[in-house]
**Q** 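Quick one: this structure, given as structure tokens, is what I'll be asking you about.
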Amino acid sequence: MGKTILITGSNGLIGSEVCAFFARRGFEVHGLDNNQRAVFFGPQGDTRWNQRRLESSITGFRHHELDIRNRSGIDELVREVAPDLVVHAAAQPSHDRAAAIPFDDFDTNAVGTLNLLEACRQHQPEAAFIHMSTNKVYGDGPNRLPLVELKKRWDYADEHKEHGIPETFPIDQCLHSLFGASKVAGDILVQEYGRYFGLPTCCLRGGCLTGPNHTGVELHGFLSYLVKCNLEGRQYSVFGYQGKQVRDNIHSEDVANFMHEIYLKPRCGEVYNLGGG
Ligand SMILES: NC(=O)c1ccc[n+]([C@@H]2O[C@H](COP(=O)([O-])OP(=O)(O)OC[C@H]3O[C@@H](n4cnc5c(N)ncnc54)[C@H](O)[C@@H]3O)[C@@H](O)[C@H]2O)c1
């Protein structure tokens, strides 16, 4: 029998890539999104174009217009769809925006994640649950590590950090932003549902993720936004580090591929950094 995947945030950069990736592998694909990005960031953040692209390019694609904060709606959807794999990529993704909308931020990133986890525990406890977390759970701790300035970028001075910080890097006693704090709550809940309830859950702590289908705005999705400014002849503001890159960028298709590997061999309460610094 064919496998079914439920992807939250399916209009977004990661969600839409995951939809296409798993459709190519024969999955029945269910996307969930309410275009909240347009509410968070205004018309420049409108993701409907990406939803239409998925609807016209993926045979049998089902879009569910639902808010992850709607607890009973999420419970009902997980029961009805009965997914074998859940990829949770819906979020309020910006530090700066979170400070202006603390309740929307926390209700989406923390409570929305809990709604999904509990629905899975009730109806689909065997389903692999992959959560898009972020390296912002480490707060500003990594910023205290010494850097060296190279020709085009900054790198960690410590050669043992050539591949970035480990997942054991401390997450507390540092500054997170409200966004970082709500993502920590979601990340810990995902781990807990793995360790306490034995669900096959996993957190991916992304760094800078990018790809062709990001609806880039100044507050989130810098590479997409940079290209957009360039094409439209708009001014692009550089913040800090003399304009040199500090973090590496990972393509959204590589993220989807990584998720597929996790799906094939899931573990409980696992955590992976996706990206170096
Ligand atoms: N893009 C990056 O560089 C990056 C880096 C690290 C972590 N992440 C994480 O990866 C995940 C996906 O990021 P992205 O870049 O694809 O973001 P995105 O904003 O492109 O996609 C998120 C989608 O979720 C939807 N959404 C938001 N709130 C919702 C709600 N309450 N109900 C239903 N849908 C809702 C939005 O409309 C949007 O389409 C997020 O959890 C983000 O924190 C992203």
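Read the numbers this way: they start at 1 and go in the same order the structure lists the ligands and their atoms.
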**Q** Backbone, side chain, both or neither: what part of Lys183 comes under 4.0 angstrom of ligand 1, heavy atoms only?
**A**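 Near ligand 1, Lys183 shows its side chain, while the N, CA, C and O stay back.
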**Q** Kindly give the heavy-atom pair with the smallest separation between Leu66 and Asn34, and that separation in Å.
**A**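 Closest approach of Leu66 to Asn34, heavy atoms only: O-CB, 3.7 Å.
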**Q** Out of curiosity, is His220 lining ligand 1, as in a heavy atom under 4.0 Å away?
**A** yes
**Q** List the closest protein heavy-atom neighbour of atom 38 (C) of ligand 1: residue, atom name, distance to the nearest 0.1 Å.
**A**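 Protein heavy atom with the smallest distance to atom 38 (C) of ligand 1: Asp33 OD2, 3.5 Å.
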**Q** Thr108 near ligand 1, heavy-atom distance under 4.0 Å?
**A** yes
**Q** Looking at side-chain heavy atoms only, is the closest gap between Thr8 and Asp33 below 4.5 Å?
**A**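 The answer is no; the side chains never approach within 4.5 Å.
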**Q** Is it true that Leu66 lies under 4.0 Å from ligand 1, counting heavy atoms only?
**A** yes
**Q** Examine ligand 1 and decide if any of its atoms is less than 4.0 Å from a heavy atom belonging to His88.
**A**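 No.
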**Q** Does Phe40 have a non-hydrogen atom less than 4.0 Å from ligand 1?
**A**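 Yes.
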**Q** Could you tell me the residue and atom name of the protein heavy atom closest to atom 5 (C) of ligand 1, and the distance to it rounded to 0.1 Å?
**A** Gly207 O, 2.8 Å
**Q** Roughly how far, to the nearest 0.5 Å, is the CG atom of Asn35 from the OG1 atom of Thr215?
**A** 8.5 Å
**Q** Thr47 side chain to Asn50 main-chain N or O, any donor-acceptor pair under 3.5 Å?
**A**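 Such a contact is absent between Thr47 side chain and Asn50 backbone.
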**Q** Do Arg69 and Asp104 have side chains that approach each other closer than 4.5 Å (heavy atoms only, starting at C-beta)?
**A** yes
**Q** What is the nearest protein non-hydrogen atom to atom 15 (O) of ligand 1, stated with its residue, atom name and distance?
**A**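 Nearest protein contact, heavy atoms only, for atom 15 (O) of ligand 1 is His214 NE2, 3.0 Å.
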**Q** Just by modelled atom types, is the Phe21 backbone N or O under 3.5 Å from a matching donor or acceptor in the Arg25 side chain?
**A** yes
**Q** Which heavy atom of the protein is the closest neighbour of atom 21 (O) of ligand 1, given with residue, atom name and distance?
**A**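 For this ligand atom, the closest protein heavy atom is Gly12 CA, 3.3 Å.
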**Q** For ligand 1, find out whether one of its N or O atoms is nearer than 3.5 Å to an N or O atom of Ile14.
**A**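 Yes, there is a polar N/O contact under 3.5 Å.
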**Q** Is the shortest heavy-atom distance from the side chain of His214 to the side chain of His220 under 4.5 Å?
**A**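 Side-chain contact under 4.5 Å: yes.
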**Q** Could you tell me, atom by atom, which parts of ligand 1 come under 4.0 Å of a heavy atom of Asp67?
**A**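 Listed by number with element, the hits are 30 (C), 31 (N), 32 (N).
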**Q** Do the ring planes of His95 and Phe179 sit parallel (below 30°), tilted (30 to 60°) or perpendicular (above 60°)?
**A**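 Perpendicular.
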**Q** To the nearest 0.5 Å, tell me how far Ile74 CD1 sits from Asn115 CG.
**A**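 Ile74 CD1 to Asn115 CG: 6.5 Å, rounded to 0.5 Å.
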**Q** Counting only heavy atoms closer than 4.0 Å, does ligand 1 sit against the backbone of Gln92, its side chain, both, or neither?
**A**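 No part of Gln92 comes within reach of ligand 1.
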**Q** For ligand 1, which atoms have a heavy atom of Ala90 less than 4.0 angstrom away?
**A**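 Those atoms are 24 (O), 26 (N), 34 (N), 35 (C).
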**Q** May I ask you to list the atoms of ligand 1 that are less than 4.0 angstrom from any heavy atom of Thr47?
**A**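 Answer, ordered by atom number: 39 (O).
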**Q** Let me confirm one number: the CD1-CD1 distance from Ile130 to Ile262, rounded to the nearest 0.5 Å.
**A** 4.5 Å
**Q** With a cut-off of 4.0 Å, which atoms of ligand 1 are near a heavy atom of Leu32?
**A**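 This gives 33 (C) as the contact atoms.
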**Q** At less than 4.0 angstrom from any non-hydrogen atom of Ala91, what atoms of ligand 1 do you find?
**A** 24 (O), 27 (C), 28 (N), 40 (C), 41 (O)
**Q** Assess, by modelled atom type and distance only, whether the side chains of Tyr196 and Gln191 contain a donor and an acceptor separated by less than 3.5 Å.
**A**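 Absent: no donor and acceptor within the cut-off.
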**Q** Starting from atom 35 (C) of ligand 1, find the nearest protein heavy-atom neighbour and note its residue, name and distance.
**A** Asn34 OD1, 3.4 Å
**Q** Near Ile68, which atoms of ligand 1 are under 4.0 Å from a heavy atom of that residue?
**A** 30 (C), 31 (N), 32 (N), 33 (C)
**Q** Output yes when the distance from some N or O of ligand 1 to some N or O of Gly15 is under 3.5 Å, and no in every other case.
**A** no
**Q** What distance do Thr108 atom OG1 and Ile101 atom CD1 have between them, rounded to the nearest 0.5 Å?
**A**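 If we round to the nearest 0.5 Å, Thr108:OG1 and Ile101:CD1 are 7.0 Å apart.
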**Q** Among Ile7, Ile5, Asn213, Ile14, find the residue that satisfies the side chain to side chain contact (heavy atoms under 4.5 Å, CB included) test when tested with Cys19.
**A**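 Only one option passes, and that is Ile7.
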**Q** Using a 4.0 Å cutoff against the non-hydrogen atoms of Gly206, which atoms of ligand 1 qualify?
**A**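 Answer, ordered by atom number: 6 (C).
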**Q** What protein heavy atom lies closest to atom 3 (O) of ligand 1? Include the residue and the distance to one decimal.
**A** Leu209 N, 2.9 Å
**Q** Could you tell me whether Arg205 approaches ligand 1 through its side chain, its backbone, both or neither, with non-hydrogen atoms closer than 4.0 Å?
**A** neither
**Q** Show, in sequence, the C-alpha distance, side-chain angles and deciding distance for Thr134 and Arg205, and conclude whether the side-chain contact (heavy atoms from CB on, under 4.5 Å) test is met.
**A** CA-CA 4 Å; Thr134 169; Arg205 295 177 173 167; 5.9 Å; no
**Q** Parallel, tilted or perpendicular: which one describes the rings of Phe61 and His63, with boundaries at 30° and 60°?
**A** tilted
**Q** How about Asn109 and Thr113: do any of their side-chain heavy atoms sit closer than 4.5 Å?
**A** no
**Q** Between Asp140 and Arg144, does at least one N-O distance fall below 4.0 Å, as a salt bridge requires?
**A**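 Salt bridge: yes.
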**Q** Run the numbers for me: atoms of ligand 1, each under 4.0 Å from some heavy atom of Asn35, listed by number.
**A** 37 (O)
**Q** Do any heavy atoms of Thr8 fall under 4.0 Å from ligand 1?
**A**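 Outside the 4.0 Å threshold, so no.
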**Q** Which residue supplies the protein heavy atom nearest to atom 12 (C) of ligand 1, what is that atom called, and how far is it?
**A** Ala89 O, 3.2 Å
**Q** Any N or O on Met132 sitting closer than 3.5 Å to an N or O of ligand 1?
**A**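 Yes; the residue has a nitrogen or oxygen that sits under 3.5 Å from a nitrogen or oxygen of the ligand.
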**Q** What protein heavy atom lies closest to atom 18 (P) of ligand 1? Include the residue and the distance to one decimal.
**A**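 Of the protein heavy atoms, Arg37 NH1, 3.6 Å lies nearest.
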**Q** Under 4.0 angstrom from ligand 1, any heavy atom of Ser252?
**A**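 In this structure, Ser252 fails to qualify as a contact of ligand 1 - no heavy atom is under 4.0 Å.
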**Q** Distance check, rounded to the nearest 0.5 Å: Leu85 atom CG versus Cys120 atom SG?
**A**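 Those atoms lie 9.5 Å apart.
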**Q** Is Ser133 close enough to touch ligand 1? Criterion: a residue heavy atom under 4.0 Å from a ligand atom.
**A**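 For ligand 1, residue contact (heavy atoms, under 4.0 Å) with Ser133 is present.
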**Q** Would you please determine whether Gly112 falls within less than 4.0 Å of ligand 1 on a heavy-atom basis?
**A** no
